[in-house]
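Beneath this line is the structure, given in structure tokens, with notes to follow.
Every chain is numbered from 1, with letters handed out A, B, ... down the list of sequences.
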2 protein chains.
Amino acid sequence: MRRDVFQAIADPTRREIIGMLAYQKMNLNAVADHFSISRPAISKHIKMLTECGLVVIEQQGRERYCTASLGQLGEVSDWIEQYRQFWNTRLDNLDKYLAKTQKQKKHAKRKSD
Amino acid sequence: MRRDVFQAIADPTRREIIGMLAYQKMNLNAVADHFSISRPAISKHIKMLTECGLVVIEQQGRERYCTASLGQLGEVSDWIEQYRQFWNTRLDNLDKYLAKTQKQKKHAKRKSD
DNA sequence: TTTATTTGTAACGAATTTGTTACATATCAC
DNA sequence: GTGATATGTAACAAATTCGTTACAAATAAA
């Protein structure tokens with residue numbers, strides 16, 4: 001099973017969980033209460049998040065308090081940053097231009113036969 | 001079918017494709033030659049990348065030249081950056097953090113006027 | 001001790017992802 | 001024209017994801 005950070009943040013529910021746990025420590029049931037899906041489903045999401053280091057668990061009696069530990073997001077950030085030079089540049093504008101002409105070609109194509 | 005940028009970059013093959021197309025325009029077969037999986041598989045990956053705007057196609061005769069158009073990565077970058085303040089405040093992160101808060105101050109200034 | 005609460009996990013199913021092969025179409029080269 | 005090349009896509013299969021319900025175990029509360 002793939003358990004990397006890229007995969008972890010691909011799921012919108014997990015991104016929401018991260019958003020909650022970044023600001024407040026919560027036990028698992030409290031997290032689950034914010035969603036319409038079942039508690040076991042949330043439990044699995046949190047398990048995955050802990051497995052890739054984005055959430056840490058602090059056990060207190062029968063409760064498990066979860067907090068976000070977002071340093072691992074650096075892996076994604078680093079991957080993206082290496083390409084930042086390609087954004088909002090002439091190159092990027094060229095790409096947008098090409099995308100535009102491509103659409104025009106597709107439209108023209110059917111008729112031109 | 002989910003077709004957002006988070007999902008697009010979750011797959012390692014697609015990240016590799018992005019890495020190749022960021023630096024050079026290539027037709028589809030040239031991309032496929034760099035991988036062990038089949039050409040139709042690559043074709044589908046590239047289709048998905050174009051559908052979420054990370055790759056643009058320029059048709060030239062029977063060939064389709066692909067280039068990366070990475071502005072959409074900003075969506076992921078923005079999502080991550082909102083949490084940067086929560087990362088372990090290492091010194092090398094401090095610069096970026098300060099830059100961000102400086103921007104926020106500028107924005108806040110307009111409201112307080 | 002008895003009961004309620006918090007949680008993990010097994011077992012399962014549906015949907016999605018990711019690959020394949022086979023075939024169709026359009027274009028180039030001769 | 002004929003044949004090679006570049007590509008899209010349909011049809012299918014295997015693996016994975018993401019949810020469910022049911023049950024077990026540990027702890028707290030009565």
In the 5'-to-3' direction, what one-character label does each nucleotide of nucleotides 20-26 of chain D receive under the scheme B = base within less than 4.0 Å of a protein heavy atom, S = sugar-phosphate only, - = no such atom? BBB----

What is the distance, to the nearest angstrom, from the CD1 atom on A:I9 to the P atom on D:dT17? 15 Å

Answer yes if the ring centres of A:Y23 and B:F86 are under 6.0 angstrom apart, and no otherwise. yes

Rounded to whole Å, please give me the gap between NE2 in A:H45 and P in C:dT7. 17 Å

Euclidean distance, atom CZ of residue A:F6 to atom C1' of C:dT17 [Å, nearest integer]: 19 Å

Using whole Å, what does the distance between atom C1' of nucleotide D:dT17 and atom CD of A:Q7 come to? 8 Å

Side-chain N or O of A:K47 versus OP1/OP2 of C:dT7: is the shortest distance under 4.0 Å? no

What is the distance, to the nearest angstrom, from the CG atom on B:L28 to the C1' atom on D:dT9? 13 Å

In whole angstroms, how far is the P atom of D:dT9 from the CD1 atom of B:I42? 16 Å

Select from B:A30 and A:Q60 the residue whose nearest nucleotide in DNA chain D is closer to the 5' end of that strand. B:A30

I'd like to check the side chain to side chain contact (heavy atoms under 4.5 Å, CB included) partners of A:K25; sequence neighbours left out, ordered by chain and number. A:E58, A:Y65, A:T67

Measure CG/B:N29 against C1'/D:dT7 and give the value in whole Å, please. 7 Å

Please check if the side chain of A:R14 supplies one atom and the backbone of A:L49 the other of a donor-acceptor pair under 3.5 Å. no

Kindly assign one of parallel, tilted or perpendicular to the pair A:W79 and A:Y83, based on the angle between their ring planes and the thresholds 30° and 60°. perpendicular

Taking atom C1' of C:dT17 as reference, at what distance in whole Å does atom CE of B:M48 sit? 9 Å

Using modelled atom types only, decide if a donor and an acceptor are shared between the side chain of B:Q59 and the backbone of B:G61 within a distance under 3.5 Å. yes

List the atom pairs, with distances to 0.1 Å, where a side-chain N or O of residues 32-41 of chain A and a protein N or O form a donor-acceptor pair under 3.5 Å, not counting sequence neighbours.
{"from": "A:H34", "atom 1": "ND1", "to": "A:A30", "atom 2": "O", "distance (Å)": "2.9"}
{"from": "A:S38", "atom 1": "OG", "to": "A:A41", "atom 2": "N", "distance (Å)": "3.4"}

